[in-house]
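So the structure is just underneath, and the comments pick up after that.
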Amino acid sequence: MPAPTALITGITGQDGSYLAEYLLSLGYRVVGMTRRSSTDVHERLEHLLEKIELVSGDLLDQNSMTTLIADIRPREVYNLAAQSFVPTSWTQPVLTGEFTGLGVTRMLEAIRHVDSKIRLYQASSSEMFGKAVEVPQSETTPFYPRSPYGVAKVYGHWITVNYRESYDMFACSGILFNHESPRRGKEFVTRKISHGVARIKLGLAKTLPLGNLDAKRDWGFAGDYVKAMWAMLQQDSPDDYVVATGHTHSVRDFARLAFAAVDLDWQDYVTQDPQFMRPAEVDLLIGDPSKAKRVLHWEPETSFEQLVQMMVEADVQRLRVLQAR
Ligand code: NAP
Ligand code: G4F
C-alpha cells in the first residue's frame, strides 16, 4: 500500500510542526501549504524540511486551494491555518473573519469539488465557549464567543458541520482547549511568561508586564493534542470532539510556577499593564474530554507542571546558546 498523503494548512505554526512530526512517524507523506512570504517562516520546521513537501497557497485564494487539493489528492486534510491571536482579532476583525471563518468554507468547497471523500480536520477552539454557560464545557455546551476570533471560529465550526450534513463529507471539528509548547508564539501568555522568565534569569530584563492574571485556562501540551486530530480522522464516521485536560489554572498560577522553576519569586517581577487587558475577556475555560477518551482512546500525557517546566527550560537553554555566540 502506498503511504497515505496528508495536507496540512498552517504547517509553519505551532501545531503544524508537531502534527507533521507525528504523521511522518506514522509513515505519511506530508505536504504543507504555506503562504508567500518575503522572509523565512520555517523556524519550527527546520528539522523536517527534507522530509516534507511545501506548496504555495493562501486561505484567501479559492483557486490556490482547489488546485492544491486536485494536484495532491490527499487522503486527509488538516486545516490548521488561521489568524489565531485573539487580541489581533479586535484590530483586524475583517481579516480574521476572512482567514479564520471564510477560509474554512474555501477549504470545504475545494474538497467538495475535487473529491468529497477526502477527510477534513477543522481546527475549532474552546474560545467558541467564551463566556461559558456551563462548567466544564463539552461538545453539547452552547457557544458564547467573546472576540471576533471566537465568532469566526464558531462560523468555521458550523460550516464544517453543515457540509458534513449537506454533502455527506467526512469533516470533523476538533474543539481544542489551549495547548502550548516551546514552539508557541511569543505573543501568547504562556510563552510570553516562559520567555520573560528566561530573560530575567539571564539578566536581560527586569520585569514582565502582563494583563489579566485571574483568567483561567485548561492548558495542555501541543504534542499530545495533535494525536487527537489524527485519531478523529481514523474513525468510521465523522464527529466533533472536545480535546482538553479537564484541569484549569490561572495566568497567576502559570507565572508562579514558571518563576519557581528558576528559583525566583514571580511577585518580584510581574507587573500589570492595561495594554494587555482585552475589551471582553474569557474568564474560565475547562474542558470535559470524556468523549475523546471514550471514542478516540485519547488522553493527555503531559501535566501542567511538566508543561511549565518544559517551556521554561527550553527558553533558558535557547537564550544561553544565543548569549554564548
Ligand atoms: P499558529 O502558530 O498561529 O499558526 C497559524 C498558522 O496559520 C501559521 O502557519 C500561519 O502561517 C498560517 N496562516 C495564517 N494565515 C494564513 C493564510 N491566509 N493562508 C495560509 N496560511 C495562513 O497557530 P497554532 O497554535 O498552531 O494553532 C493551529 C490552529 O488551531 C489555528 O487555527 C488556531 O486558531 C487553532 N487553535 C489553536 C489552539 C491553541 O491553543 N494553540 C487552540 C484551539 C484552536 P504563517 O507562518 O505564514 O503566519
Ligand atoms: O495566551 P492567550 O493569548 O490565549 P487565548 O486568548 O486563550 O487564545 C489561545 O487559545 C485559544 C483556545 O481557547 C485558541 F483558539 C487561540 O487561537 C489561542 O491559541 O491568553 C490567555 C489568557 C487570556 O485570558 C489573556 O487575557 O491570558 C490572559 N493574559 C494575561 N496577560 C494575557 C496576558 N494574554 C496575552 N497574550 N498576553 C498577556 O500579557
Side-chain angles (χ1 to χ4, degrees), residues 13-18 21-22 43-44 46-47 84-87 126 176-228 243-273 275-278 281-287 289 299-325:
Q14 170 189 258
D15 291 6
S17 65
Y18 283 107
E21 270 171 19
Y22 184 56
E43 190 187 329
R44 299 180 177 104
E46 289 297 348
H47 60 301
S84 76
F85 189 48
V86 171
S126 52
L176 271 54
F177 282 62
N178 299 51
H179 45 280
E180 318 294 314
S181 74
R183 297 182 200 167
R184 186 59 140 152
K186 290 193 192 89
E187 67 275 38
F188 298 92
V189 76
T190 56
R191 182 76 198 290
K192 182 175 169 183
I193 293 173
S194 65
H195 186 247
V197 165
R199 282 174 54 79
I200 289 169
K201 182 68 182 174
L202 299 183
L204 300 169
K206 291 193 179 348
T207 58
L208 176 59
L210 295 174
N212 179 9
L213 301 176
D214 296 320
K216 294 179 116 182
R217 290 291 183 274
D218 181 331
W219 277 300
F221 172 50
D224 294 344
Y225 283 37
V226 298
K227 296 178 183 172
V243 177
T245 69
H247 302 284
T248 195
H249 300 273
S250 65
V251 171
R252 184 181 288 99
D253 291 337
F254 195 103
R256 185 186 300 120
L257 269 186
F259 277 94
V262 292
D263 301 318
L264 295 176
D265 184 342
W266 72 282
Q267 296 186 85
D268 294 337
Y269 304 98
V270 171
T271 57
Q272 269 194 297
D273 185 334
Q275 71 164 300
F276 299 115
M277 299 291 196
R278 299 180 178 183
E281 179 60 282
V282 172
D283 295 317
L284 167 68
L285 290 176
I286 176 166
E299 280 190 82
E301 294 161 42
T302 311
S303 71
F304 178 68
E305 291 74 16
Q306 288 169 325
L307 176 66
V308 178
Q309 184 79 25
M310 175 203 307
M311 291 180 70
V312 173
E313 273 176 14
D315 272 319
V316 169
Q317 178 61 19
R318 224 179 323 231
L319 284 184
R320 282 214 170 106
V321 169
L322 284 177
Q323 273 190 325
R325 278 193 190 152

Residue pair Glu301, Lys227: steps toward the side-chain contact (heavy atoms from CB on, under 4.5 Å) verdict: CA-CA 11 Å; Glu301 294 161 42; Lys227 296 178 183 172; 3.3 Å; yes
Closest approach of [X] and [Y], non-hydrogen atoms and distance?
X	Y	result
Arg44	Arg184	NH2-C, 4.0 Å
Ser181	Phe221	CB-CE1, 3.8 Å
Thr248	Asp218	OG1-N, 3.9 Å
Asp15	Val226	O-CG1, 3.7 Å
Tyr225	Thr245	OH-CG2, 3.2 Å
Ala258	Val197	O-CG1, 3.6 Å

Residues which pass side-chain hydrogen bond (donor to acceptor under 3.5 Å, both in side chains) with Ser17, listed by chain and number, not counting sequence neighbours: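 For Ser17, the residues satisfying side-chain hydrogen bond (donor to acceptor under 3.5 Å, both in side chains) (neighbours in sequence not counted) are Arg183.
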Partner set under side-chain hydrogen bond (donor to acceptor under 3.5 Å, both in side chains) for Glu281, not counting sequence neighbours: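 Testing Glu281 for side-chain hydrogen bond (donor to acceptor under 3.5 Å, both in side chains), a comparison that skips the adjacent residues, returns Asn212.
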Looking at side-chain heavy atoms only, is the closest gap between [X] and [Y] below 4.5 Å?
X	Y	answer
Tyr269	Leu264	yes
Trp266	Leu257	no
Leu307	Trp219	yes
Val270	Thr207	no
Leu208	Thr271	no
Arg217	Val251	no
Leu213	Ser250	no
Arg320	Leu202	yes

Charged N-O contact under 4.0 Å between Lys216 and Asp283: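 No, this pair does not count.
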Worked check of side-chain contact (heavy atoms from CB on, under 4.5 Å) between Phe177 and Ile286: CA-CA 8 Å; Phe177 282 62; Ile286 176 166; 5.6 Å; no
Please report, to 0.1 Å, the donor-acceptor pairs under 3.5 Å made by any side chain of residues 308-319, with sequence neighbours excluded.
| from | atom 1 | to | atom 2 | distance (Å) |
| --- | --- | --- | --- | --- |
| Gln309 | NE2 | Glu313 | OE2 | 2.8 |
| Asp315 | OD1 | Arg191 | NE | 3.2 |
| Asp315 | OD1 | Arg191 | NH2 | 2.8 |
| Asp315 | OD1 | Arg318 | NH2 | 3.4 |
| Asp315 | OD2 | Arg191 | NE | 2.9 |
| Asp315 | OD2 | Ser194 | OG | 2.7 |
| Asp315 | OD2 | His195 | N | 3.3 |
| Arg318 | NH2 | Pro182 | O | 2.9 |

Glu43, CD: over 12 other non-hydrogen atoms inside 6.0 angstrom: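 Open: at most 12 neighbouring heavy atoms sit under 6.0 Å from CD of Glu43.
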Full working for side-chain contact (heavy atoms from CB on, under 4.5 Å) between Lys206 and Ile200: CA-CA 6 Å; Lys206 291 193 179 348; Ile200 289 169; over 6 Å; no
Pairwise distance CG(Leu210) to CD1(Ile193) - rounded to 0.5 angstrom: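 Here the rounded value is 5.0 Å.
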Atom pair OG1/CD of Thr190 and Glu180 - distance to nearest 0.5 Å: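 Answer for the OG1-CD pair, Thr190 versus Glu180, is 3.5 Å.
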Lys192 charged N/C atom sitting above Phe276 aromatic ring, 6.0 Å / 45°: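 Here Lys192 passes the 6.0 Å and 45° test against Phe276.
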side-chain contact (heavy atoms from CB on, under 4.5 Å) between Ser126 and Asn178, intermediate numbers included: CA-CA 7 Å; Ser126 52; Asn178 299 51; 3.8 Å; yes
Proximity of Phe304 and Phe254 rings by center, below 6.0 Å: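 Ring centroids of Phe304 and Phe254 are less than 6.0 Å from each other.
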Geometric class of the Phe85/Phe188 ring pair [parallel <30°, tilted 30-60°, perpendicular >60°]: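 Plane angle over 60°, so perpendicular.
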